[in-house]
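Presented below is the structure to which this report refers.
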Amino acid sequence: MAPNLFVRQFTKLPYPEISFKEQTVIITGSNTGLGFEAARHFARLGASKVILAVRSISRGEEAVKSINTSTGTNVCEVWHVNMGDFKSITDFCKRAEGLNRLDVVCQNAGIAKGEFTQMEGMESTIAVNVVGTFLMALNLLPTLRRSGIKTGHVPRLVNTSSEVYESVSFQMAVFDSYLSF
Amino acid sequence: MAVRFEDSIFMALNKSDKPDMADRYQTSKLLGVFFIRALVEQIQLGKNANQRVIMNMVNPGLCDSGLTRDATGLQSAFFWLLKKILGRSAEVGSRTLIAGAAAREESHGCYMSECQLRDLSGLIMTDEGHETQKRVYIELIGILEAIQPGISQNI
């Protein structure tokens, strides 16, 4: 049985100490919040390249400055990607094919829209969190596999999920629309 | 009746009249869990089964991040209060991502919370959930193939 929200939120999470020495890491949505702090950890933990995949190059560069200062490293790069723009995603993945190795991809970028808007002809939250995210995942898989063969280190593709997946209203909302045919 | 055009989860989610946006984020995350679980199964059956890439899902918990940036009014106030009481800092939340990036083979296709493997629960684990997972996978692969023909060769 999974612990409840209160227990989970007050569970102490271990401070990361594992080495990412020589590894190349991509983190999407990393100029702020979780992605940004994850990038800082990866830099501190010895990664040789940390790619901040972000919508705004200037905000990405601000983030890199902060990480360089706090960790005393110089391993971060800013690459542009807009997860609500499929061409931007495939361009990003083509660029990643040129990497010497790719050990970790943290698919962290996400949005939570309260109002119906569209990107790429789809509702924006679905376009970014689902379609864009897996368009990127499938396009990075060959690069990850090549890296694994080359280095012997099994790459990781980490998806930022959420406990809210358990919400049952999906059942209600989407399935009601089926049942009403 | 044009309902045949709506005989699809993704089509239903793109209806602009009376969209159910209150749980849209949750729905997007549930779709992600469905897709990854199905994708991992398909990879295991395919030509790339021996070229290992560990794919896992991490739950950062409730964090002081920019995620609720689009919330307004009462909802915004609610998130603010909830985060004040229960929230992790972004740094603490980010540890869950590092845990995923360092996790071993046994995390493949799995869900992690509090930096540990956790069983999934709810709809996903039911028979109906399993059927839905198949549908989500087929629909989303169809959408991705429409965006980029041949992309499923990467599976």
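FYI, side chains are in, hydrogens and waters are out, and symmetry mates aren't considered; it's all heavy atoms of this structure.
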Chain B heavy atoms under 4.5 Å from [X]: which part of the residue, side chain, backbone, both or neither?
X        : result
A/Ile111 : both
A/Gln118 : side chain
A/Leu13  : both
A/Thr90  : side chain
A/Phe134 : both
A/Pro14  : both
A/Val131 : both
A/Asn139 : both
A/Tyr15  : both

What part of [X] is in contact with chain A, defined as an atom under 4.5 angstrom from a non-hydrogen atom: side chain, backbone, both or neither?
X        : result
B/Glu91  : both
B/Leu62  : both
B/Ile43  : side chain
B/Ala103 : backbone
B/Ile85  : backbone
B/Asp64  : neither
B/Leu86  : both
B/Val33  : side chain

To check you understand the geometry: which heavy-atom pair defines the closest contact between [X] and [Y], and what is its length?
X        : Y        : answer
B/Ala102 : A/Arg156 : O-NH2, 3.7 Å
B/Ser16  : A/Phe116 : CB-CE2, 3.4 Å
A/Arg145 : B/Asn48  : NH1-ND2, 3.2 Å
B/Leu97  : A/Leu34  : CD2-O, 4.5 Å
A/Pro16  : B/Arg95  : CD-CG, 3.7 Å
A/Val158 : B/Ala101 : CG2-N, 3.5 Å

Legend entry - Test log, rule side chain to side chain contact (heavy atoms under 4.5 Å, CB included), inputs B/Phe10 and A/Val130: CA-CA 10 Å; B/Phe10 284 88; A/Val130 185; 4.0 Å; yes
Inset, instruction - Would you check if B/Ser113 and A/Arg8 make a side-chain contact, meaning some heavy-atom pair closer than 4.5 Å? - result: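 Yes - at least one pair of side-chain heavy atoms lies under 4.5 Å apart.
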Inset, instruction - Considering only heavy atoms and a distance below 4.5 Å, find which of B/Arg52, B/Met55, B/Met57, B/Arg24 pairs most often with chain A. - result: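 Highest number of heavy-atom pairs under 4.5 Å: B/Arg24.
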Inset, instruction - Could you point out which residue of B/Leu13, B/Asn14, B/Ile9, B/Ile143 forms a side chain to side chain contact (heavy atoms under 4.5 Å, CB included) with A/Ile126? - result: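 One option only clears the test, and that one is B/Leu13.
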Legend entry - Under 3.5 Å donor-acceptor, B/Asn154 side chain and A/Leu141 backbone: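 Judged by distance alone, no pair lies under 3.5 Å.
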Inset, instruction - Show the numbers, then the answer: is there a side chain to side chain contact (heavy atoms under 4.5 Å, CB included) between A/Leu138 and B/Ile141? - result: CA-CA 10 Å; A/Leu138 292 189; B/Ile141 289 293; 4.2 Å; yes
